Amino acid sequence: MLTNINPKLPMRNKTATKAFYLGQLGFKEAGDYGDYLMVTKDNIEIHFFEFKDLDPKENYGQVYI
């Protein structure tokens, strides 16, 4: 039986992503591997990979929590 899922989302700027998820949403850092970031809160873990050329207006990646 599957019990959890860890979405993997693109990020343009790791510093901004960390500030938002850790500072604004209360997540904790689970791992920082250069161009790869993992954050966690309660039973949720989200992974981010660096994608500097990401255009948010053309990106449909999203996760509902």
Side-chain angles (χ1 to χ4, degrees):
M1 178 171 84
L2 300 175
T3 59
N4 72 16
I5 184 168
N6 299 324
K8 184 176 173 184
L9 300 173
M11 67 178 165
R12 291 186 298 168
N13 181 297
K14 183 172 62 173
T15 302
T17 300
K18 284 176 83 167
F20 180 70
Y21 280 86
L22 278 56
Q24 298 293 316
L25 299 180
F27 279 75
K28 304 255 189 255
E29 187 176 309
D32 184 340
Y33 305 98
D35 60 355
Y36 199 86
L37 174 67
M38 298 168 16
V39 298
T40 186
K41 182 175 182 179
D42 300 327
N43 291 324
I44 296 170
E45 183 172 288
I46 304 174
H47 296 213
F48 295 94
F49 63 95
E50 187 176 82
F51 185 6
K52 290 185 184 231
D53 295 329
L54 175 72
D55 181 352
K57 294 178 183 176
E58 295 183 14
N59 178 41
Y60 296 100
Q62 53 189 304
V63 174
Y64 292 100
I65 301 172

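Source: prediction; values computed, not measured.
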Side chains of residues 47-56: which donor-acceptor partners sit under 3.5 Å, not counting sequence neighbours?
{"unit_1": "His47", "atom_1": "ND1", "unit_2": "Tyr36", "atom_2": "OH", "d": "2.7"}
{"unit_1": "His47", "atom_1": "NE2", "unit_2": "Glu45", "atom_2": "OE2", "d": "2.7"}
{"unit_1": "Asp55", "atom_1": "OD1", "unit_2": "Lys57", "atom_2": "N", "d": "3.1"}

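Met38 and Ile44 fall into different hydrophobic clusters, where Ile, Leu, Val, Met, Phe, Trp and Tyr side chains are chained together by heavy-atom contacts under 4.5 Å. No chain of hydrophobic side-chain contacts below 4.5 Å, direct or via other Ile, Leu, Val, Met, Phe, Trp or Tyr residues, connects Ile65 to Ile5.
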Run the numbers on Ile46 and Leu9 for side-chain contact (heavy atoms from CB on, under 4.5 Å), then give the verdict. CA-CA 8 Å; Ile46 304 174; Leu9 300 173; 4.1 Å; yes

Check step by step if side-chain contact (heavy atoms from CB on, under 4.5 Å) holds for Tyr21 and Leu37. CA-CA 11 Å; Tyr21 280 86; Leu37 174 67; over 6 Å; no

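With a 4.5 Å cut-off on side-chain heavy atoms, Leu22 and Val39 count as touching. Using a 4.5 Å cut-off on side-chain heavy atoms (C-beta onward), Asn6 and Lys8 make no contact.
In this structure, Asn13 contributes its side chain and Thr15 its backbone to a donor-acceptor pair below 3.5 Å.
Among all heavy-atom pairs drawn from Met11 and Asp35, the shortest one is CE-O, 3.8 Å.
Gln62 is linked by a side chain to side chain donor-acceptor pair (under 3.5 Å) to Tyr64, counting only residues two or more places apart in sequence or in another chain.
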